[in-house]
Structure formats: C-alpha cells, structure tokens
Amino acid sequence: MSDKLRDFEMYEMQETFDTLYANSKNGDNFKKLYPIIKSRNNILLAYRRIRNNSGRDTVGVDGKNINELNELTDDELVEMVQGKLAKYQPQAVRRVYIPKGNGKLRPLGIPTISDRLVQQCIMQVLSPIYEAKFYEHSYGFRDNRNASHALSRLVSLINVGKQYFCVSIDIKGFFDNVNHDKLKRQLWSSGIRDKQVLSLISKMLDAPVEGEGVQNKGVPQGGILSPLLANIYLDELDKWVASQWVDFPSSYKSTVNFLNLKARNTNLKSGYIVRYADDFKIMCRTYDHAIRFYHAICDFLKHRLKLDVSEEKCSVVDMREKSVEFLGFKIKVIPKGGTRYGYVAKTDISDGAITRIKKESRDIIKRIRYSSDSPESAIHYNSYVQGVKSYYQYATNVASNLSSILIYRTIKSRLSDRGEWGTYQTLDADYKKRNVGMKPNTQILKITDTPLETLYAIRTKKPMNFSQGINLYTKSGRELLNKKSKTEAIPSAYITYIHRNRSRSNNRVDFRDNRISKYVAQRGKCGVLGVRFHPAEMDCHHRIQRIDGGTDEFKNLVWVSHDIHILIHATDSTTINAYKLKLNMTKKQIDTLNKLRNLVSNSPIM
DNA sequence: AATCTTAATAC
RNA sequence: AUUGUAUUAAGAUU
C-alpha cells in the first residue's frame, strides 16, 4: 500500500476524501469545505505528509523550519493552524533562484513552514475533488501518474493512431504568469463555492514576494498548492482541445477511435492533447489540422488563459521528417522495419539529457577517486546510475544512447587502483537483474566490496498506458493499485486505537506519528518478547529517556509489553524477581531487555 | 514483513 | 544556496 493511503487510513480521512471525490464526479457544488480543512485529523494528517518533505529544513522569511512545528504538542499544532485559518494572513514568500537544466534561473517562492502546512491542509481536500474532474491525458503533478505514462500516450497516438504531425507550444514562464482572476473564476465554476476557502486561496495568491511586493499574477513555485493550481488552470486547455475533436458531438466523426475520414469536409480539426504540467503536445493526422490547432491554441492561451507563448520555441512538425523533444526524450517517426507498411515511433534520450548524464556521471566518478576508502561514494554513483536507468529505460534506443557516454573508460582510467576487479558472472542475482545483457567475463570494478552499477547494461522497457481506473479515492481504484501488496500486516482498528488514545497530553506531534509507524514496523510485536499484543497492553518506550536528551525520533522508540516496560525501569529486586518468574524469558530476550535497561542506566538482570 | 534516509528523473 | 508535486530504485534498521 502506498504511504499516502496508509496515512489517510491512519488519520481516518479516507472516507471523507472518497465522499468528496464521489460528489465531484456527480457534479455537485461544494459549499462546506472549510470545516473539513480545519478539522483536527486533516491538520494532523497534513503535518504527517509534510514532515518528511526534502525542504523541511529550509526556512521561510520568518527563519523557521520544521523544527518549529515539532516542538508543539498535537493540541497546540491543531490550535495554531485553526487560529491561522480563522484570520488568514500568509507571510511573504522567500525568493530563491536556482539553476534550471537549460542554464537559466528558476525563481522559487518559498512560503514559511506554517504557511506550507496550511496549504497542505487545503491541498488534501481539493485534491480528491479535482482528481474526479481532470482530463485523463494530463499526467504531470498527479497521483500514480508519471512521465512514462505521458510518453506512452504519445507513442500510442503515433503507433496506433497514426498521428504523425506534432504541435509543440512553449508557454512563457507559465507559473509566474497564471492570472489570479481567471484562476479564481475557474475555482468557482468548477464547483468550489465555499466563500471561506476561496478567500483563503485568494489571500495565498496575494502573499507578497520578498523584495518584490504583492504580485497580480503567478503562483509561487515552491508552494504546496501550486502544482494543483497549475493543473486546475490548464485543465481548461485540455477540455477545450478535447471539445474540438475527441468530445465533439457529431455524426461527421467516426465512432472508431482516431479515424477522421469525414472531417476533411468540415471545419472540424482533429487532434489529441498529451499534457505534463505546462509541457504539452497536440498530435494530428494532417499538417493542415496541425496548423489550425497551432493558431487556435495560441489564440486560446492568449485570450482565454492570458498566457503568452514564446513563438521561437513553438513548432508544427511532421515527425517523419524531424524529431520532437518531450520530457527528456527525443521522438521520431520512422518506417516500420524499413518497409512501406507503416511507421513507428523511435525514442532516444534527448541530446541535452545525454550531455548532462555524461558530465554528472564523470563528476561522481571523480568524487570516488578523491573520497576516503568507504563504499559511500560508490553507493552514490550506483544510485545515480539506478535513477538515470529507471527513468530513461523507456527510450527504445536507451542502450545505445547510454553506451555513447563511454563511462567505462573513465572508470578504468580514474579508479583502477581504487578497488578490485572481478567478472560479471561472479556477482549476485540482483546485480545481474539490474545490469542485463553483459558478457559473463566482463570486468566489473568493486569499491570496498560494492560493485559499480553499469550505465549501459540495460534493456529497453515498453512504456505502459496509464490504466484510467486507478484512483486513490474509490474502492475499485485502490484495488487496482494494491495488486502487488497482499494482506494487511496490522488490523486498522489497532492503528485507530493508538491514534485515538493519547497516553499523555503533552506529547509532541512527532511522538504521535512515530509511535504509530513504529508499532506497524514491529508488526505489533513486543520489542523484547517478540510476541504480538494489542496496543492497549503495550507501552511505547523511549530507549534514551527524554530527560537524558532522548528524542521522539523513530529510532529512539520501541514498543514493549506493560510487563517488560516495568522490568526496564525496575530497580527493586523483589519486583524484578516477580516479573522474571512470571515471564520466564529466554537468554536472548533477557539480552535485549538488558540493552534497554542499560540505556536508562539500570544494571543488567541475570 | 515494515519503517527510515538518500539517490535519480520530469515539470 | 534548492521549494513543490509525482514516479522509481537503492542503502540502512528491526
């Protein structure tokens, strides 16, 4: 099960979200969202969802990060957020410029940590509503969907749909130019009719940018809600493109998918949109339709969505003649098997991405050269290789593209004296599975026993179309998702029990979260006895006590039975003997018990 | 089995 | 110095 669903369940929000989704599918308007947003469980869930964000240590304009929030008890956290929501006045967003892939700078707008928490509360509630509405071929920033699904759709349109003309449009600084009034109207017309919620979002959009003041357009890149708002904004584009052909109610259109034989006699234009955030393509059957779409979309963006396009980066191409770039891939349409019987898509890693991979992989190899004798730098290289391969494995030409990087030479010349060489055939099955198609006697370098992964040893994988039934907010949608995982390790009633019962009211939010994670990780078993108990019969023990500087971190906690908990802290010999007799522990159990006793400065028991 | 952290890609 | 959403994998721990 995904982390997300587990968290929804843990905080008893799944049913609420399911209802929002169902009502949204039904076309209902939403007038009472605010009570859900400010509900205790929604706020605690929001904290749980953002506390592991990679930016948790990054401060906003107030100089605060996640540490500010985990100082609070859960009651204080809930009270703080509810107080903020009641008279919402977001703080300024911090301006940071980061380099983009193409050498330009990306302006980030980083809200303060408490504003990020508030945004998460709202996002959780809007997400199920919009998942029910969004166009099926929008793939960016959405649950369970990724770039390979977008690529797959594009390839299907070519191979199955025989759409060889591609319209590419580049929106100028999309995030920074989203029109606030337009966005607010879209929220209203898509059924968000709760005045308090609309006002919250409105105030959020009006949050000043550090040093630049209040903006009348744009959503901050760095805001938690921003990706969702971006999709809401461009959903109108998806639907409009679909209305031109796919959803056009007409007898001129063949019921057979992709066929448009009769369309040439009408003003209809046939085309199919594939969108990943602000990057999208329209695939058409003919050049004429493609050109018409190109002009119509530029006009639509300009007048309906108030967005400019950079014309020099736009194009209409016959993909049989010229390749097109999309999501880091370079796609061309070539004759199938060299015959006249048709065409297929051929995909490569884009030139820019190859250059980046070349540079980055060499840099990491050099770092291994100058690092101390430990596997860490080699593990870093391996996960880099793993990451690159798992993303680009969907390019039909991936093996030859990655071979062209010639990293093997760099490894040989830079690292020969830093590790030991062994043959491929001596390595374990997992390695062979990750690095396929190598000759058994190929020499592989091992850095302190960690064999380096091979960049080019890869077989291309066919991208799969997104299975449209998959969804986090319906039972059937979740079942499709859960195919891989089997029985539930812990009854959800146990989790709910822990969640509801707070042993001490001064517990911090992190303790609440981590003790649940820990109970599930231990599969409900006592850390000493190894036997499962109901949480009511157990205590969550701090290995290092809080008075001694112990934290609420996951690794400092352990669940033990009541009896064991007493034994950890007992100093009186009659108590110790009584419980020893009662529990009749094995030597191994006594050893683990003594380790815990040692951490609280108690002498071991025999 | 499960949790955590850390590495990658897209936008 | 690096936010956010989504996806993927590895490592560590029990």
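No hydrogens, no waters, no symmetry mates; every other heavy atom, side chains included, goes into these values. Just so we're on the same page: letters track the sequence lines, and every chain starts at 1.
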Hey, does the side chain of A/Lys4 come within less than 4.0 Å of C/rA6's phosphate (OP1/OP2), counting only N and O? yes
On RNA chain C, does the nearest nucleotide to A/Ile379 precede the nearest nucleotide to A/Asn53 from the 5' side, or the other way round? Give the residue. A/Asn53
Describe the nucleic acid contact of A/Ser148 in one word from base, sugar-phosphate, nothing, applying a heavy-atom distance below 4.0 Å. nothing
Determine the Euclidean distance between corresponding P atoms of B/dT6 and C/rA1; express it in Å to zero decimal places. 14 Å
Euclidean distance, atom OH of residue A/Tyr519 to atom P of B/dC4 [Å, nearest integer]: 17 Å
Taking only N and O in the side chain of A/Asn514, is any of them less than 4.0 Å away from OP1 or OP2 of B/dT3? no
Counting the atoms with a prime plus P, OP1 and OP2 as sugar-phosphate, which does A/Gly140 contact under 4.0 Å by heavy atoms, base, sugar-phosphate, or nothing? nothing
Under 4.0 Å, heavy atoms only, any strand: does A/Asp279 hit a base, just the sugar-phosphate, or nothing? sugar-phosphate
Between C1' of C/rA10 and CZ of A/Arg434, the distance in whole Å: 7 Å
Under-4.0 Å side-chain N/O to phosphate OP1/OP2 contact, A/Asn144 with C/rU7: yes
What is the separation between atom CG on A/Asp143 and atom P on B/dA10, rounded to the nearest whole Å? 21 Å
Nearest whole Å is fine: how far is C/rU5 C1' from A/Leu126 CG? 14 Å
Just call it for A/Arg543: base, sugar-phosphate, or nothing, with non-hydrogen atoms closer than 4.0 Å on any strand. nothing
Respond yes when some side-chain nitrogen or oxygen of A/Arg356 is under 4.0 Å from OP1 or OP2 of B/dT9, and no when none is. no
Just N and O in the side chain of A/Tyr381: are any of them under 4.0 Å from OP1 or OP2 of B/dA8? no
It should be established whether A/Arg49 places a side-chain nitrogen or oxygen under 4.0 Å from OP1 or OP2 of nucleotide C/rU5. no
Can you tell me if A/Ser383 touches the phosphate of C/rA9, counting only side-chain N or O atoms and a distance under 4.0 Å to OP1 or OP2? no
Do the rings of A/Phe174 and A/Tyr233 sit parallel, tilted or perpendicular, given the 30° and 60° boundaries? tilted
Between A/Phe141 and A/Leu228, does the side-chain contact (heavy atoms from CB on, under 4.5 Å) criterion hold? Intermediate values first, please. CA-CA 7 Å; A/Phe141 305 136; A/Leu228 180 64; over 6 Å; no
When you check the phosphate oxygens OP1 and OP2 of C/rG11, does a side-chain N or O of A/Asn382 lie under 4.0 Å from one of them? no
A/Phe141 CZ to C/rG4 C1', in whole Å, measures 8 Å
Correct closest heavy-atom pair for A/Leu229 and A/Leu205 would be CD1-CD2, 4.2 Å
Output the rounded distance in Å from CG (A/Leu557) to C1' (B/dA2). 15 Å
Quickly, which of A/Leu20, A/Ile43, A/Ile224, A/Asn42 forms a side-chain contact (heavy atoms from CB on, under 4.5 Å) with A/Gln124? Name it, please. A/Asn42
Interatomic distance where CD belongs to A/Glu360 and P belongs to B/dA8 [whole Å]: 7 Å
Walking DNA chain B from its 5' end, the first of A/Arg51 and A/Gly387 to be reached, judged by nearest nucleotide, is A/Arg51
With the side chain defined as heavy atoms from C-beta on, A/Asn146 is closest, among C/rU7, C/rU3, B/dA8, to C/rU7
For a quick check, tell me whether the side chain of A/Tyr276 and the base of B/dA10 share a donor-acceptor pair closer than 3.5 Å. yes
Phosphate OP1/OP2 of C/rU2: any A/Arg106 side-chain N/O under 4.0 Å: no
Could you check whether the rings of A/His137 and A/Tyr139 sit parallel, tilted or perpendicular, using 30° and 60° as the cut-offs? tilted
Run the ring-centre check on A/Tyr519 versus A/Phe533 and record whether the distance is less than 6.0 Å. no
Proximity to the side chain of A/Ile110 - top-ranked nucleotide from C/rU2, B/dA8, B/dT3: C/rU2
Phosphate OP1/OP2 of C/rG4: any A/Arg94 side-chain N/O under 4.0 Å: no
Pick base, sugar-phosphate or nothing for A/Leu327, based on heavy-atom distances below 4.0 Å to the nucleic acid. sugar-phosphate
Distance check: side-chain N/O of A/Ser54 vs OP1/OP2 of C/rU3, anything under 4.0 Å? yes
For A/Lys555, I'd like to know if atom NZ has over 12 heavy atoms of other residues, nucleotides or ligands within 6.0 Å. no
On DNA chain B, compare the nucleotides closest to A/Ser390 and A/Arg56; which residue's is nearer the 5' end? A/Arg56
Checking all strands, does A/Gln386 fall into the base, sugar-phosphate, or nothing category for heavy-atom contacts under 4.0 angstrom? sugar-phosphate
How many whole angstroms separate atom CD of A/Gln120 from atom C1' of C/rU5? 10 Å
At under 4.0 Å between heavy atoms, what does A/Ser517 touch on the DNA or RNA strands: base, sugar-phosphate, or nothing? sugar-phosphate
